[in-house]
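We number each residue from 1, following the sequence as shown. As the structure lists them, so they are numbered: ligands from 1, and atoms in each ligand from 1. The shown structure was predicted, so the numbers you read here are calculated from the model rather than taken from an experiment.
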Amino acid sequence: MDPTLPSDPDSAFISHAPGHWPREAMNHWSDYKWQLRNRVDTLTDLAARLRLTDEERAGVLLAGHKLAMSITPHFFNLIDREDPACPIRRQVVPRIEEGWSAPEERADPCGEDSHMPVPGLVHRYPDRVLFLLTDHCASYCRYCTRSRMVSGVGEQHLETQWEAAFRYLETTPQVRDVLLSGGDPLLFSDVRLDRILTRLRAIPHIQFIRIGSRIPIFLPQRITPEMCAMLKKHHPLFISIHTNHPRELTLEARDALGRLADAGIPLGNQSVLLRGVNDSVDVQKALVHKLLMCRVRPYYLYQCDLINGSSHLRTTVAEGVAIIEGLRGHTSGYAVPQFVIDGPGGGGKIPINPNYLIDTAPGSVTLRNFEGKFFEYPDPSPMPPAELARLHDKALGMCS
Ligand SMILES: *Cc1c(COP(=O)(O)O)cnc(C)c1O
């Protein structure tokens with residue numbers, strides 16, 4: 001064992017390059033275009049690098065008509081090749097279970113398609129919209145909530161109507177918050193992103209813009225100083241990243257997040273609760289602590305959506321509640337995300353919390369703290385009229 005490595009490598013910020021690529025790859029490692037060109041996206045390429053199980057081999061073949069496989073060299077190197085149950089591997093290597101849809105599963109589990117006033121624009125909440133800019137990502141998550149339209153190989157295609165979408169935003173003054181997502185918006189060129197952000201910024205009622213992206217994790221090399229300088233012109237701009245396991249926070253990811261934070265961009269993280277990936281308090285705690293060290297505030301922990309072929313990755317809701325119980329009070333409040341379920345069929349995000357309000361009686365409530373101790377908190381008492389009169393008299397006495 002290498003004595004320079006900490007005892008738990010998942011808790012440390014380390015680079016995994018070049019890992020399973022030849023030494024010469026280091027000449028190109030920080031070039032995001034090289035990373036994109038060298039993604040692992042065929043069965044031959046994958047089988048040459050990993051000893052595949054029969055379930056994975058079948059999964060890759062089936063994925064070709066559903067949600068493509070694609071893994072950047074940077075992310076691929078986080079896979080522990082000795083561990084068939086590796087939490088990184090489970091997120092990006094297709095498995096045969098994806099081919100079966102459980103009865104509760106859907107292609108569009110959150111009912112997005114029925115909330116699109118314009119193709120590519122989801123308007124579910126009164127004051128904010130989700131703007132789907134692209135169907136491409138640097139790598140594809142096997143539990144993707146938009147797998148029906150992402151990656152370009154499935155039955156449905158994203159056909160964002162740009163002019164109609166901008167027109168809708170310009171003429172809908174209740175929209176004050178625009179969330180850019182997809183696919184991954186940070187795959188666009190700086191020039192193209194700048195043009196989109198400039199157009200949105202020209203709309204007076206749009207106060208707040210945010211971008212949802214997994215690029216800082218899948219392809220941190222893309223977060224260039226030039227990109228940060230461009231993004232900085234469009235404040236107030238927030239970025240929500242997507243990280244599920246502490247190992248994903250590499251040295252390169254931490255540096256990329258630092259560049260975004262230095263550009264004044266507040267960073268949040270969205271995790272999806274996944275069986276065999278991050279379904280324990282220990283893993284979640286290591287993740288949220290590492291996020292804070294990267295200047296990222298844990299924002300949401302999502303119960304996995306009821307997406308077709310996801311039952312092997314989903315947990316019960318009770319397991320999510322137990323994770324929040326294990327964090328709240330036991331660690332920094334800043335480290336605790338809000339656990340949510342995106343309501344099946346289109347209910348929006350519904351917060352799910354452990355129950356700390358044990359009883360509400362007339363006059364007081366009974367509470368439970370993180371240690372399981374009970375506390376009474378009484379309602380406010382009305383001031384007695386005699387006391388009011390006494391204080392009036394006292395105040396009068398003071399001015400004579
Ligand atoms: C998640 C989401 C948003 C943003 O929700 P917040 O709770 O404000 O982060 C907006 N629109 C849609 C359709 C969403 O799914």
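Using the six-membered ring where Trp is involved, Trp34 and Trp29 have ring planes that are tilted, between 30° and 60° apart.
At the shortest separation from atom 1 (C) of ligand 1 among protein heavy atoms lies Lys349 NZ, 1.3 Å. For atom 7 (O) of ligand 1, the closest non-hydrogen atom on the protein side is Tyr300 OH, 2.5 Å.
Annotation: Glu112 places no N or O atom under 3.5 Å from an N or O atom of ligand 1; distance criterion only. For the pair Arg128 and ligand 1, the shortest N or O to N or O distance falls below 3.5 Å. Polar contact check, Tyr299 against ligand 1: a nitrogen or oxygen pair lies under 3.5 Å apart.
Using a cut-off of 4.0 Å between Lys/Arg side-chain N and Asp/Glu carboxylate O, Arg222 and Asp190 are scored as salt-bridged. Taking a cutoff of 4.0 Å between a charged side-chain nitrogen and a carboxylate oxygen, Glu56 and Arg90 do not qualify as a salt bridge. Residues Arg95 and Glu98 are not paired through a salt bridge, judged by the lack of any N-O separation under 4.0 Å between the basic side chain and the carboxylate.
Interface atoms of ligand 1 facing Val122, defined by a heavy-atom separation under 4.0 Å, are 13 (C).
Asn244 and Gln91 share a side-chain donor-acceptor pair at under 3.5 Å.
Contact between Arg210 and ligand 1 is present, with at least one heavy atom of the residue lying under 4.0 Å from the ligand.
The residue from Asp135, Asp113, Asp305 that alone fulfils the salt bridge (Lys or Arg N to Asp or Glu O under 4.0 Å) condition with Arg148 is Asp113.
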